[in-house]
Protein chains: 2
Amino acid sequence: MQLLDGKLLSQQIKLEIAEQVRTIKINGGKKPCLAAILVGNNGASETYVASKVKSCQEVGFDSKLIKLPADTTERELLTEINKLNNDDQVDGFIVQLPLPKHIREQKIIEAISPEKDVDGFHPNNMGKLALGLDGFVSATPNGIIEMLKRYNIPTEGKNCVVLGRSNIVGTPMSLLMSRKAYPGNATVTLLHSKSEQLREHLKNADIIIAAIGIPEFLKGNMVKEGAVVVDVGISRVPDASKKSGFTLKGDVKFDEVAPKCSYISPVPGGVGLMTVTSLLLNTLKAATRRHADK
Amino acid sequence: MQLLDGKLLSQQIKLEIAEQVRTIKINGGKKPCLAAILVGNNGASETYVASKVKSCQEVGFDSKLIKLPADTTERELLTEINKLNNDDQVDGFIVQLPLPKHIREQKIIEAISPEKDVDGFHPNNMGKLALGLDGFVSATPNGIIEMLKRYNIPTEGKNCVVLGRSNIVGTPMSLLMSRKAYPGNATVTLLHSKSEQLREHLKNADIIIAAIGIPEFLKGNMVKEGAVVVDVGISRVPDASKKSGFTLKGDVKFDEVAPKCSYISPVPGGVGLMTVTSLLLNTLKAATRRHADK
């Protein structure tokens, strides 16, 4: 069994991005710039955004954090988005979710210019993914693909089961794994809460992407010998022995499943760490494209 | 075994649309209007467009056919599209494919306003489909969904195999069948040219959507007893006994497969007839939406 080490990989990719930024600067180019809009005072959101800004600094990107009060109106937020859409300094930007309840998330997502939508949540980018066109793939699926690629996991013709059909992980993963590309060309089965024969499909899978959000859902007896397992879940489970009062658990019962796997990604230390790195990759791509268009 | 009768269904749906158009007119509304752009002199394309225009007349829609010469430039075509995007009389329009080789198809597709894209080929509409949002679903997948719905085929929790991953049928069908809706909520496996264990997946399928484009690919021994089979393929196979010199064949070897099925769609007389009807349904939807927005 070999670990799919998200920590190691994300460090490596960040070094590569930093190298590319240096090359851009040497050639007289502009540093890539990522902007983030944060509305309100959600603690988790503040942590995520801070980590994104910090990662930008690590690789030499410019970054811009726009903090708006919790009572910002939808119209005011749309005005900020419009400014960033038209700001030539900004290559890509994100609006940190969730938003306060009085703001319609979908309306906000669709207001972002698809060319700067480095989160890949705009229908236009999701459509490009489905059609096999070159757009922005959202961070988690993008990170998983990068992980499979860098560990040279064979995917062509393999049975791949994606567990969970969410818009941000399961559905895009199912599309990516079945498209004509590497990683891809797999026979993908998308399982969800309504699926019958769940166990039969899992037992037959060469690759399992678990993104169902139920801690330790995938047990040892549900996986075949030699499978590749990617664990996307991150749930906080109460744990009195910890100072924080909780432990992070994935969707996979690691101690049971790991011994049967050829490769498995741990939680923490797996896919989670790849997501911020994916966002940096998308921002670099956005910057490179905008530069090439000029 | 019961036939999924596309001819009967499409006639029935056209009557329903005609009834709705009458209601719109009684209430002082504008008749829905579909426009079609045809570039060059491709015989098959001319036939398709003529049949679309004729169907518009049958249900009481206005229609508009714009015929452009084969040497139309990409820029000229974009200008025509822009006119239709801004033409308040036109609710929806299509550009008949294929286009002459000097015109980039993808560029043309993306120039159509998503709100008038009744063919559902724009990435924005494909993305909405993938995200479970309300957009325009392209004609063939839309027709199949309508067929399953009107025959009350149970889909929730069933194993559904989609054979073929094309952008216009296989991929959108796999998304539609796995989304949270009826028809949908199925466990979908998308098979394609690189799939191993093709037979195992097919034998396990409660519902098979065959869209692989190989005449009579699906044989009797590949299907389980009681399966629902939807045949999307239409290939011309040489046949000296016919005046035309060919017979239309689907992707399914009908005489072998049909006796094992609970439901099966024939070729011809199945899915093919539903596609023009789907286009009419999308046009009616586009018109209704535009009216509601005013």
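Convention: sequence-line order gives letters A, B, ...; per-chain numbering from 1.
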Visitor: Heavy-atom count check: over 12 atoms from other residues, nucleotides or ligands less than 6.0 Å from A:Y48 OH?
Guide: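 No - once you tally the heavy atoms of other residues, nucleotides and ligands closer than 6.0 Å, there are 12 at most.
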Visitor: What residues of residues 189-204 of chain A sit under 4.5 Å from chain B when you count only heavy atoms?
Guide: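 Answer by number: A:T189, A:L190, A:L191, A:H192, A:K194, A:S195, A:E196, A:Q197, A:H201, A:N204.
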Visitor: Would you say that more than 12 heavy atoms from the other residues, nucleotides or ligands in this model lie under 6.0 Å from the NZ of B:K107, or not?
Guide: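 No, not enclosed.
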Visitor: Go through A:P123, A:P114, A:P172, A:G135 and name the one with the most non-hydrogen pairs under 4.5 angstrom from chain B.
Guide: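 Of the candidates given, the most pairs with chain B belong to A:P123.
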Visitor: Identify which part of B:L175 has an atom lying under 4.5 Å from any heavy atom of chain A, answering side chain, backbone, both or neither.
Guide: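 For B:L175, the side chain is the part near chain A, not the backbone.
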Visitor: Is chain B contacted by the side chain of A:N125, its backbone, both, or neither, given a heavy-atom distance below 4.5 Å?
Guide: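 Contact with chain B: none, neither part.
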Visitor: Tell me the side chain to side chain donor-acceptor pair (under 3.5 Å) pairs involving residues 173-183 of chain A, sequence neighbours left out?
Guide: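 Side chain to side chain donor-acceptor pair (under 3.5 Å) check on residues 173-183 of chain A returns no pairs.
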Visitor: Which of these, A:K128, A:M126, A:H122, sits in a side chain to side chain contact (heavy atoms under 4.5 Å, CB included) with B:N124?
Guide: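 Exactly one pass, corresponding to A:H122.
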Visitor: Out of A:N159, A:L131, A:V188, return the one with the most heavy atom pairs under 4.5 angstrom to chain B.
Guide: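 Winner by heavy-atom pair count: A:L131.
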Visitor: What residue in A:S166, A:G132, A:C160, A:A130 has the most heavy-atom pairs under 4.5 Å with chain B?
Guide: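 Heavy-atom pairs under 4.5 Å are most numerous for A:A130.
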Visitor: Going from CG on B:L133 to CG on A:N167, what distance comes out if it is rounded to the nearest 0.5 angstrom?
Guide: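 Output value for this atom pair is 7.0 Å.
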